[in-house]
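The next block holds one structure in the form of structure tokens; read it before the comments.
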Amino acid sequence: MNILEKIVKQLKIDLQERKASLPIEIIKDNISFESESISLYDALSNDYLGIISEIKDTSPSKGKLMTENNFNKLANDYLNANVDAISIVTEKNYFNGTKNNIPRIKSFANYNSTPILRKDFIVDEYQIYESKLINADAILLIASILNIDQLKLYLEIAYSLDLDVIIEVHNELELDQVLKIDPKIIGINNRDLSTFKVDLNTTLNMINKIPVSVIKISESGIYTSDDMSKLYQFGCNAVLIGESIITSINPYEKIKELRDYD
């Protein structure tokens, strides 16, 4: 059993407990359908390479990441740097995340309408309603852990809740399947979630297969302005960056450095 399978297995056990303590019917009753989400699609529809900066405490492959920078420091640096969106990892068992960090960042005095992505391993519609309840603006759906029918259903549920969706793919087979359901945003993960090996060419080899109208995000393995430049030249709209910013001494300056690409 690889790490991805272990994460999903434990998650499904946890979901049983969460559903028992807070049934989906109660979540639906407490969702505010009048509160508009901040559009991730619009935030990334620019003529430059947008940055989605991530808050991730721990990585299964690298261990503890947030040693120099705590949540408050990272969140404030990201907001002050005017990143295009912020990804918050909420998986608790392997990433030491918490969904409470989403309403937490939105309560900051300097919160500036930056869209917040809930990054988790969504395997049940319960988590989509839960995402709306905690005031996320977008969610991630991972093609490798969902079949095409689930992807289509979860996409429809998310849109009905005014949530944007990044559908994440890792290879051309997944991409071919995902394109059948007309996604608005596709994330190409350069990290193989079975082995955790990272290769930027994963994005470069697939991006031309994605329609121009679709927002294209490269995820994982982006460390330098040269990486940014290469991805921009190949047609990426945005990058999702965690480790290289999180582990830097000065995340604000690291973001400025990454933006300095040709």
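Using a 4.0 Å cut-off between charged side-chain N and carboxylate O, K64 and D57 make a salt bridge. Salt-bridge check for D77 with K73: passed, with a basic side-chain N closer than 4.0 Å to an acidic carboxylate O. E25 has no carboxylate O lying under 4.0 Å from a charged side-chain N of K28, or vice versa, which leaves the two without a salt bridge.
Here CD1 of I52 is found 11.0 Å from CD1 of I116. Values are rounded to the nearest 0.5 Å. A distance of 6.0 Å separates OG of S213 from OH of Y41, quoted to the nearest 0.5 Å. The OH atom of Y129 sits 14.0 Å away from atom CG of L22, with the distance rounded to the nearest 0.5 Å. For the atom pair OG1 (T114) and CG (L117), the distance works out to 13.0 Å, reported to the nearest 0.5 Å. Taking OG of S244 as the start and CG of D227 as the end, the distance is 8.5 Å to the nearest 0.5 Å. To the nearest 0.5 angstrom, M228 atom CE is 10.0 Å from S218 atom OG.
At a threshold of 4.5 Å between non-hydrogen side-chain atoms, the residues F71 and I105 count as touching. In this structure the side chain of E219 never reaches within 4.5 angstrom of the side chain of R191, judged on heavy atoms. Within the 4.5 Å cutoff, the side chain of K132 has heavy atoms near those of the L163 side chain. Within the 4.5 Å cutoff, side-chain heavy atoms of Y48 are placed close to those of Y261. Side-chain contact between T202 and N189: absent, with no pair of heavy atoms (C-beta onward) separated by less than 4.5 Å. You'll find the side chain of V123 reaches within 4.5 Å of the side chain of I145, heavy atoms only. When side chains are defined from C-beta on, L258 does not count as touching T224, because their heavy atoms never get closer than 4.5 Å. Looking at heavy atoms from C-beta onward, Y111 lies out of side-chain contact with I86 at the 4.5 angstrom threshold.
Judged by distance alone, the side chain of N190 and the main-chain N or O of S220 form a donor-acceptor pair under 3.5 Å. Side-chain atoms of K216 come within 3.5 Å of backbone atoms of V214 as a donor-acceptor pair (strictly under, hydrogens ignored). A donor-acceptor pair is defined here as one N or O able to donate and one able to accept, closer than 3.5 Å; no such pair exists between the side chain of E156 and the backbone of L151. Under a 3.5 Å cut-off, the side chain of N2 and the backbone N or O of E5 do form a donor-acceptor pair. Under a 3.5 Å cut-off, the side chain of N69 and the backbone N or O of L74 do not form any donor-acceptor pair. A side-chain donor-acceptor contact under 3.5 Å links E174 to the backbone of H170. Looking at S37, its side chain does come within 3.5 Å of a backbone N or O of D162 through a donor-acceptor pair. Between the side chain of K230 and the main chain of L204, no donor-acceptor pair closer than 3.5 Å is present. Between the D84 side chain and the L44 main chain, no donor and acceptor come within less than 3.5 Å of each other. Judged purely by atom type and a 3.5 angstrom limit, E91 uses its side chain to pair as donor or acceptor with the backbone of N93.
Closest approach of K254 and Y223 over heavy atoms only: NZ-O, 2.8 Å. Minimum heavy-atom separation, C236 to L49: O-CD1, 3.5 Å. Taking both residues in full, the closest heavy atoms of I157 and S160 are given as O-OG, 2.6 Å, listed atom of the first, atom of the second, then distance. Closest of all the heavy-atom pairs between L65 and E243 is CD2-CG, 4.3 Å.
Connection of F108 to I55 is established within a shared hydrophobic cluster, with ILVMFWY side chains joined at heavy-atom distances below 4.5 Å, either directly or through further cluster members. When hydrophobic clusters are built by joining Ile, Leu, Val, Met, Phe, Trp and Tyr residues whose side-chain heavy atoms come closer than 4.5 Å, directly or via intermediates, I142 is grouped together with I148. Cluster membership check: Y252 does not share its hydrophobic cluster with I51, using side-chain heavy-atom separations under 4.5 Å among Ile, Leu, Val, Met, Phe, Trp and Tyr. Grouping the Ile, Leu, Val, Met, Phe, Trp and Tyr side chains by contacts below 4.5 angstrom, directly or via other members, places L200 apart from V198. Transitive grouping of hydrophobic side chains (ILVMFWY, heavy atoms separated by less than 4.5 Å) brings L40 and I181 into a common cluster.
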**Message:** Walk me through whether N72 and R104 qualify under side chain to side chain contact (heavy atoms under 4.5 Å, CB included).
**Reply:** CA-CA 9 Å; N72 285 2; R104 182 178 171 191; 3.0 Å; yes
**Item:** Evaluation steps, side chain to side chain contact (heavy atoms under 4.5 Å, CB included), between D120 and V89
**Value:** CA-CA 6 Å; D120 210 317; V89 179; over 6 Å; no
**Message:** salt bridge (charged side-chain N to carboxylate O under 4.0 Å, His left out), that's the test. Do D14 and K19 meet it? Break it down for me.
**Reply:** CA-CA 9 Å; D14 292 346; K19 287 179 178 181; over 6 Å; no
**Asked** So D124 and K12, salt bridge (charged side-chain N to carboxylate O under 4.0 Å, His left out) or not? Walk me through it.
**Response** CA-CA 9 Å; D124 192 294; K12 288 180 177 179; over 6 Å; no
**Message:** What verdict does the side chain to side chain contact (heavy atoms under 4.5 Å, CB included) test give for I166 and I217, after you've listed the backbone C-alpha separation in whole Å, the side-chain angles of each residue and the deciding distance to 0.1 Å?
**Reply:** CA-CA 9 Å; I166 299 175; I217 303 170; 3.6 Å; yes
**Asked** Can I210 and I188 be said to form a side chain to side chain contact (heavy atoms under 4.5 Å, CB included), step by step?
**Response** CA-CA 10 Å; I210 303 175; I188 302 173; 3.8 Å; yes
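Under the 3.5 Å distance criterion, with hydrogens and angles disregarded, no donor-acceptor pair is assigned to the side chains of N237 and N46. Residues N201 and D199 have side chains that bring a donor and an acceptor to within less than 3.5 angstrom of each other.
Aromatic ring centroids of F95 and F121 lie under 6.0 Å apart.
A side chain to side chain donor-acceptor pair (under 3.5 Å) with T90 is found for exactly one of K99, Q127, R118, E130, namely R118.
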